[in-house]
Amino acid sequence: MSEVKLKKETNILDVAELENRIKELCQQFPHGITDQVIQNDMPHLEPQQRAMAINKLLSLGQLDLLRNSSGLLYRMKDTQSNSKMKGSDNQEKLVYQVIEDAGNKGIWSRDIRFKSNLPLTEVNKILKNLESKKLIKAVKSVAASKKKVYMLYNLQPDRSVTGGAWYSDQDFESEFVEVLNQQCFKFLQSKAETARDSKQSPMVQRNSSFATSHEVWKYICELGISKVDLSMDDIETILNTLIYDGKVEMTIIAAKEGTVGSVDGQMKLYRGVNAVIQPTGLVRTPCGLCPVFDDCHEGGEISPSNCIYMTEWLDF
């Protein structure tokens with residue numbers, strides 16, 4: 001009797017150690033482990049023992065079961081996610097996990113179906129259920145206005161999904177962008193005129209006519225013409241369009257670490273420029289300065305037939 005009892009206690013200890021080792025492996029590989037990873041770590045472990053340990057961890061809610069192209073994947077369960085999904089079945093938990101992995105860029109229902117390996121009707125049913133619980137939300141993407149991407153309910157969508165400050169309800173705010181173009185150029189022109197009126201040496205005038213993107217950003221913010229908060233990157237995007245239009249030039253200088261507007265020890269400076277004479281029509285062909293020239297082709301999202309710059313040039 002004592003030998004049998006001792007043997008049972010030894011088996012219980014072995015199972016406990018096995019479960020702990022599997023959890024340690026999951027912590028070492030936060031993106032998940034496969035059966036092969038467990039087998040490589042414990043080559044003498046019987047498949048039945050491995051399956052029993054994994055099933056117990058799954059039943060205790062300590063592991064998540066996912067599928068990828070190479071098969072089953074086991075990952076440590078997030079305790080916060082576990083409390084949110086209390087009462088949900090395994091399929092619903094799987095879909096939630098796939099959406100969580102997509103982050104604030106979201107994921108299409110087609111990709112959810114592929115990653116979860118569930119039928120489309122089942123995926124749609126689960127998505128509606130998760131939306132009703134306010135665990136996820138559907139967001140329209142500017143990349144494909146007729147399609148929706150899904151992400152966790154409390155996440156702020158990435159600007160690649162919403163289009164950032166230049167889009168409102170998936171519509172490009174062309175008038176708003178034009179106003180920003182005009183005001184940024186007006187600020188740089190004003191700075192250049194002040195530099196010329198200073199009557200200093202030509203080199204000093206030229207250097208003082210430059211402005212940092214932070215100065216332009218501050219000026220736009222003080223004007224109060226934007227209903228949304230604009231970032232420095234937004235302003236630099238506008239300044240880049242002015243560069244492509246030949247109205248502004250940019251230079252990069254070294255800057256001390258911590259200087260406002262500097263990145264990695266460098267700072268961008270901008271100044272308004274005025275052409276001495278207007279170039280001829282052929283020289284002003286927009287294709288020569290177009291930053292997306294290589295992506296432009298008939299039938300694509302960017303094409304000569306819907307290019308506003310080409311239309312303006314042809315009107316000239």
Side-chain angles (χ1 to χ4, degrees), residues 158-160 162-167 172-280 283-296 302 307-310 312-313 316:
D158 186 81
R159 62 183 300 152
S160 63
T162 63
W166 319 132
Y167 284 80
F172 181 66
E173 296 284 351
S174 57
E175 293 182 5
F176 174 54
V177 173
E178 182 59 30
V179 169
L180 286 176
N181 265 279
Q182 293 173 1
Q183 292 301 325
C184 288
F185 183 55
K186 179 181 177 181
F187 174 76
L188 293 176
Q189 275 188 319
S190 175
K191 195 169 181 66
E193 288 172 4
T194 302
R196 284 195 297 270
D197 294 341
S198 65
K199 306 300 182 182
Q200 293 178 308
S201 66
M203 186 59 69
V204 173
Q205 286 185 31
R206 184 179 186 280
N207 291 339
S208 59
S209 66
F210 280 99
T212 65
S213 53
H214 181 265
E215 289 178 290
V216 183
W217 170 80
K218 186 178 178 182
Y219 170 76
I220 295 297
C221 289
E222 290 174 351
L223 281 180
I225 58 176
S226 175
K227 295 179 182 179
V228 296
D229 293 332
L230 296 174
S231 65
M232 291 272 289
D233 288 338
D234 292 330
I235 294 301
E236 288 187 0
T237 300
I238 295 294
L239 291 171
N240 285 337
T241 64
L242 291 171
I243 293 173
Y244 299 141
D245 289 339
K247 296 179 179 179
V248 169
E249 68 177 8
M250 182 193 73
T251 187
I252 299 176
I253 63 170
K256 292 182 180 179
E257 187 177 350
T259 305
V260 177
S262 65
V263 178
D264 297 330
Q266 294 183 328
M267 181 182 291
K268 295 177 182 178
L269 299 178
Y270 302 85
R271 70 187 290 262
V273 292
N274 293 314
V276 179
I277 58 172
Q278 286 294 324
T280 62
V283 174
R284 294 170 64 184
T285 306
C287 303
L289 291 172
C290 182
V292 290
F293 177 81
D294 293 335
D295 300 321
C296 183
I302 302 170
C307 176
I308 59 171
Y309 297 106
M310 180 63 74
E312 289 176 359
W313 179 72
F316 171 82

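Not measured: the values here are computed from a predicted model.
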Rounded at 0.5 Å granularity, tell me how far [atom1] in [X] sits from [atom2] in [Y].
X	Y	atom1	atom2	answer
K247	Q182	NZ	CD	7.5 Å
E178	T241	CD	OG1	8.5 Å
N240	S213	CG	OG	10.0 Å

Would you call [X] and [Y] a side-chain contact if the rule is heavy atoms closer than 4.5 Å?
X	Y	answer
L239	M250	no
L180	L230	yes
V179	E175	no
R271	K191	no
W217	E236	no
L269	T212	yes

If you compare all heavy atoms of [X] against all heavy atoms of [Y], which two are closest, and at what distance to 0.1 Å?
X	Y	result
L188	G272	CB-N, 3.8 Å
S209	A192	CB-CA, 3.8 Å
Y270	I243	CE2-CD1, 4.0 Å
I238	C184	CG2-SG, 3.8 Å

When you measure from the side chain of E193 to the backbone N and O of S190, does any donor-acceptor pair fall under 3.5 Å? no

Counting distance only, does the side-chain N/O of Q200 pair as donor-acceptor with the main-chain N or O of Q205 below 3.5 Å? no

If you measure only the distance, is there a donor-acceptor pair under 3.5 Å linking the side chains of D234 and T237? no

Pairs where residues 202-211 contributes a residue and the test salt bridge (Lys or Arg N to Asp or Glu O under 4.0 Å) is met, not counting sequence neighbours: R206-E249

Which residue pairs pass the ring-ring contact (aromatic ring centres under 6.0 Å, His included) test with at least one member in residues 218-243, sequence neighbours excluded? F187-Y219

